[in-house]
Amino acid sequence: MHQYIKEIGQHEGKQATLKGWVANIRESKTNIFVVLRDGTGFMQCVIGLDDVGEAQFEAAKRLSLESSLALTGNIIKDERQMGGYELQATSLEVYGYAKDYPIKVNENEHGVRHLADRRHLWLRSKRQWAIMRVRNEIKMGIHEFFQDRGFMQMDAPIFTGNACEGTTTLFATDFFGDEAFLSQSGQLYGEAMAMAQGLIYTFGPTFRAEKSDTPRHLAEFWMIEPEMAFYDNEMNMDLIEAFIKHVINRVLEKCKVELEALDRDTEALAKVNQEFPRVAYTDSVKILRGEMEVNGKNAIAVQEADLAAAKQGIEDNLKDIAERETAIKAGMKKGARKFNEAKIAALRKEIAIMEEQVRNIPKWIESARNFKDGEDFGGSDETVLTRVFDSPVMVYNWPTKIKAFYMKEVEGDPDHVKGVDLLAPEGYGEIVGGSERETDIEILLRKIKEHELPMEEFEWYLDLRRFGSVPHAGFGLGLERIVRWCCDLDHLRETIPFPRRYGRLLP
RNA sequence: GCCUCCAUAGCUCAGCUGGUUAGAGCGCCGGACUGUUAAUCCGUAGGUCCUAGGUUCAAGUCCUAGUGGGGGCGCCA
């Protein structure tokens with residue numbers, strides 16, 4: 001029987017055995033300091049020559065990054081250590097030595113390609129460990145939220161015969177001689193189940209064959225889609241807001257160590273604990289164009305300020321780098337020189353990011369200024385819009401022509417439908433998309449034709465309207481997108497263990 | 001699909017307007033030293049400067065094409 005780092009506090013002053021891998025190691029003549037990771041956490045273990053004897057000490061000297069071993073020793077409190085405890089080894093057993101581990105302790109010292117090619121190993125890194133733990137906690141939070149409210153989890157099929165929003169972006173497969181598609185949404189099946197169970201949610205994988213090589217797209221991702229009988233869009237929005245608050249607060253409460261490891265600004269996350277602004281699409285267009293202010297903030301002006309700040313930042317960093325370089329040339333001690341060299345490297349990285357901003361922000365401003373009422377928001381438009389808010393925003397009543405066929409028209413305004421998108425703050429964009437569903441079979445028939453969808457494949461769906469049609473609503477949440485926001489990641493590729501995206505199938 | 005930036009050591013990068021023998025940090029290996037926290041110090045090894053053409057007395061550096069990658073946009077959650 002061995003113990004786990006997460007619960008090691010219970011063994012303070014006693015002997016314990018830990019089994020894990022070397023996450024970091026420092027050697028000296030008489031002591032070897034191993035930072036052990038066992039999946040539940042990270043902890044420093046000290047192997048002293050006098051404590052373990054010469055033979056075991058020699059074995060320990062051959063340890064390197066990611067070697068696996070069991071360590072037995074005394075658990076002592078040490079405030080200086082992460083987690084607050086340390087193991088002082090009395091014996092050890094090596095399972096497997098690792099040589100030339102290709103990923104450094106600080107994963108930021110690698111390019112994305114190098115890491116992505118080694119995803120199976122990269123998952124061991126501390127940041128990735130933290131992300132996967134947050135992902136797990138979000139999933140638990142999702143189930144908790146819905147189960148506590150009487151929702152039943154249902155499994156929608158993955159092979160589907162019909163496309164709910166057009167076939168251009170589906171992966172086609174052979175299903176015993178018939179063409180089948182990998183599901184792009186479980187919603188239509190969710191609606192059927194809601195008519196049987198009242199309150200349901202699906203939680204499954206979803207596939208999109210879009211050649212979208214962006215930080216916010218995957219070809220395979222996980223979606224949560226609740227569907228509620230007897231809900232209108234107001235109730236839908238209330239549920240979305242309560243849901244997001246629940247999930248984020250659970251992560252804030254249960255993932256303190258992980259968020260710390262990710263260097264996540266938890267105060268910004270905690271801003272979900274205010275009422276989410278609800279903005280009609282037509283108003284959001286005005287805000288985006290800079291024609292309407294929010295809390296004294298103008299969307300265009302915010303972008304212009306960002307642009308000016310980036311330009312100034314580049315100048316400042318260049319000046320800083322030049323000063324440090326002259327100082328280094330003039331001569332300084334090795335320690336000071338290394339410090340300055342590291343600083344220069346960091347400043348250069350900042351410059352590269354700011355240069356991208358200088359290149360991109362003018363395009364974003366252009367796009368926002370010229371945005372036409374009736375169009376869908378692009379990625380940059382979402383960023384520009386959400387920057388004037390510090391909490392998630394709900395945009396509702398969207399133009400009919402850019403939304404799916406099943407969304408219910410606003411009474412007396414057929415040009416708009418009762419859809420709602422939740423946009424995350426800090427530039428993370430759309431997290432949730434939902435709507436009240438159309439209940440009138442005549443309107444549905446018309447829309448399926450207008451969208452040029454194959455009517456015969458929707459016959460079963462139309463039955464839901466033929467036999468006791470009721471008002472109902474639902475939404476879809478992209479799991480990876482909320483993970484990205486929670487962890488403050490610049491790309492979706494880190495939010496899922498083995499990302500499947502355009503150009504990436506291995507490992 | 002479009003726009004844009006980039007490709008130099010195992011990794012991350014520097015190399016100004018072309019100019020002799022291409023550099024640093026980290027990692028590896030060897031050594032010293034230390035209750036160390038991305039430890040520190042000394043030393044060794046390690047490069048066909050992505051590929052193919054071109055300009056030039058001279059190309060890592062300039063030009064063209066190709067290949068590969070980053071970022072942005074489009075399409076979308």
Side-chain angles (χ1 to χ4, degrees), chain A residues 23-35 42 44 46-48 64-65 78 80-82 86 88 99-118 126 165-166 168-169 184-185 187 206-219 221-225 321-322 325 328 333-335 337-342 344-346 348-349 352-353 355-364 366-367 376-383 402 404 421-424 428-434 475-482 484 490-492 502-503:
Chain A
N24 204 348
I25 186 162
R26 290 174 281 275
E27 276 180 51
S28 77
K29 203 165 206 168
T30 53
N31 280 316
I32 296 168
F33 300 92
V34 170
V35 176
F42 293 75
Q44 174 159 292
V46 188
I47 301 167
S64 52
L65 226 51
D78 185 342
R80 291 170 301 178
Q81 304 307 333
M82 174 175 59
E86 180 180 271
Q88 296 194 313
K99 267 275 173 265
D100 295 326
Y101 187 67
I103 298 177
K104 296 185 189 192
V105 172
N106 178 5
E107 64 176 65
N108 292 325
E109 287 182 41
H110 293 288
V112 290
R113 178 80 189 270
H114 182 87
L115 292 169
D117 284 344
R118 295 160 183 79
K126 196 169 182 184
E165 297 173 31
T168 52
T169 60
Q184 66 175 175
S185 164
Q187 183 198 314
T206 310
F207 309 88
R208 303 279 166 94
E210 295 145 6
K211 292 181 177 174
S212 308
D213 190 10
T214 85
R216 51 186 194 285
H217 290 92
L218 293 170
F221 62 100
W222 289 71
M223 200 150 63
I224 298 89
E225 297 179 284
I321 288 172
E325 278 177 341
I328 289 171
K333 284 187 179 170
K334 180 140 187 189
R337 200 187 77 212
K338 275 176 111 170
F339 173 81
N340 278 291
E341 279 168 354
I344 287 170
R348 282 207 171 103
K349 267 193 181 150
I353 293 166
E355 280 174 343
E356 288 285 354
Q357 289 178 330
V358 170
R359 272 192 290 271
N360 292 325
I361 292 176
K363 289 188 250 170
W364 297 359
E366 187 73 5
S367 162
D376 203 356
F377 293 147
S380 70
D381 300 323
E382 285 176 355
T383 305
I402 60 167
D421 280 5
L422 180 116
L423 307 178
Y428 284 111
E430 186 179 350
I431 300 283
V432 168
F475 62 89
L477 168 89
L479 178 65
E480 286 73 21
R481 287 191 173 176
I482 197 170
R484 180 182 174 212
D490 50 23
H491 205 293
L492 233 44
Y502 185 59

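Every chain is numbered from 1, with letters handed out A, B, ... down the list of sequences. Only this structure's heavy atoms are used, side chains among them; waters, hydrogens and symmetry mates stay out.
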Measure distances between side-chain N and O atoms of A:Gln88 and base N and O atoms of B:G35, and say whether any donor-acceptor pair falls under 3.5 Å. yes
What is the separation between atom CD on A:Glu27 and atom C1' on B:A32, rounded to the nearest whole Å? 13 Å
Nucleotide nearest A:Thr214 (side chain, heavy atoms from C-beta), chosen from B:C75, B:A39, B:G72: B:C75
Taking atom C1' in both B:C50 and B:G60, compute the distance separating them and give it to the nearest angstrom. 12 Å
Interatomic distance at C1', B:C13 relative to B:G70, whole Å: 15 Å
Quick check: any donor-acceptor pair below 3.5 Å linking the side-chain of A:Gln81 to the base of B:U37? yes
B:A38 OP1/OP2 closer than 4.0 Å to side-chain N/O of A:Asn108: no
Does the side chain of A:Arg26 get closer than 4.0 angstrom to OP1 or OP2 of B:A39 through an N or O atom? yes
Using atom C1' of each nucleotide, how far apart are B:U67 and B:G53 to the nearest Å? 15 Å
What I want to check is whether an N or O donor and acceptor connect the side chain of A:Lys104 with the base of B:C26 at under 3.5 Å. yes
Using a cut-off of 4.0 Å on non-hydrogen atoms, how would the nucleic acid contact of A:Pro102 be classed: base, sugar-phosphate, or nothing? nothing
Which base, if any, makes a Watson-Crick or G-U wobble pair with B:U67, both distances under 3.5 Å? B:A7
Using atom C1' in both nucleotides, what's the gap between B:G71 and B:U44 to the nearest angstrom? 40 Å
Quick one: A:Asn106 CG to B:G27 P, roughly how many Å, whole number? 11 Å
Rounded distance in Å - CD (A:Glu107) to C1' (B:C26): 16 Å
Partner lookup for B:U20, please. Criteria are Watson-Crick or G-U wobble with both distances under 3.5 angstrom; report none if nothing qualifies. none
Is A:Arg359 salt-bridged to A:Glu356, going by a charged N under 4.0 Å from an acidic O? yes
Which part of the nucleic acid, if any, lies within reach of A:Asp213 when heavy atoms closer than 4.0 Å are counted: base, sugar-phosphate only, or nothing? base
Looking at the side chain of A:Gln44, which of B:C73, B:C26, B:G35 is the nearest nucleotide? B:G35
Got a donor-acceptor pair under 3.5 Å from the side chain of A:Lys363 to the base of B:C73? no
OP1 or OP2 of B:C73 versus the side-chain N and O atoms of A:Arg216: is any pair under 4.0 Å? yes
Pairing check on B:G1: which nucleotide meets the Watson-Crick or G-U wobble criteria with it, both distances under 3.5 Å? B:C73
Donor-acceptor pair (no angle test) under 3.5 Å: A:His110 side chain, B:C11 base: no
Picking from B:U12, B:G69, B:U4, which would you name as closest to the side chain of A:His114? B:U12
Between B:U36, B:U4, B:C75, which nucleotide gets closest to the side-chain atoms of A:Glu210? B:C75
Euclidean distance for P, B:G74 against B:G18 (whole angstrom): 39 Å
Taking a pair to mean Watson-Crick or G-U wobble geometry with both distances below 3.5 Å, B:C41 pairs with B:G31
Between B:G71, B:C5, B:C76, which nucleotide gets closest to the side-chain atoms of A:His491? B:G71
Could you let me know what B:U55 is paired to, Watson-Crick or G-U wobble, both distances under 3.5 Å, or none if it's on its own? none
Taking atom P in both B:C3 and B:G66, compute the distance separating them and give it to the nearest angstrom. 12 Å
Using whole Å, what does the distance between atom P of nucleotide B:U36 and atom CD1 of A:Ile25 come to? 17 Å
Mind checking the P distance from B:G43 to B:U55? Whole angstroms is fine. 46 Å
B:U36, B:G70, B:A38: which one has an atom nearest the side-chain heavy atoms of A:Glu109? B:A38
Measure OH/A:Tyr101 against P/B:C28 and give the value in whole Å, please. 14 Å
Suppose we call a contact any N or O donor and acceptor under 3.5 Å apart; does that hold for the side chain of A:Glu356 and the base of B:G70? yes
Can you check the distance between B:G23 and B:C49, where both ends of the measurement are the P atom (answer in whole Å)? 14 Å
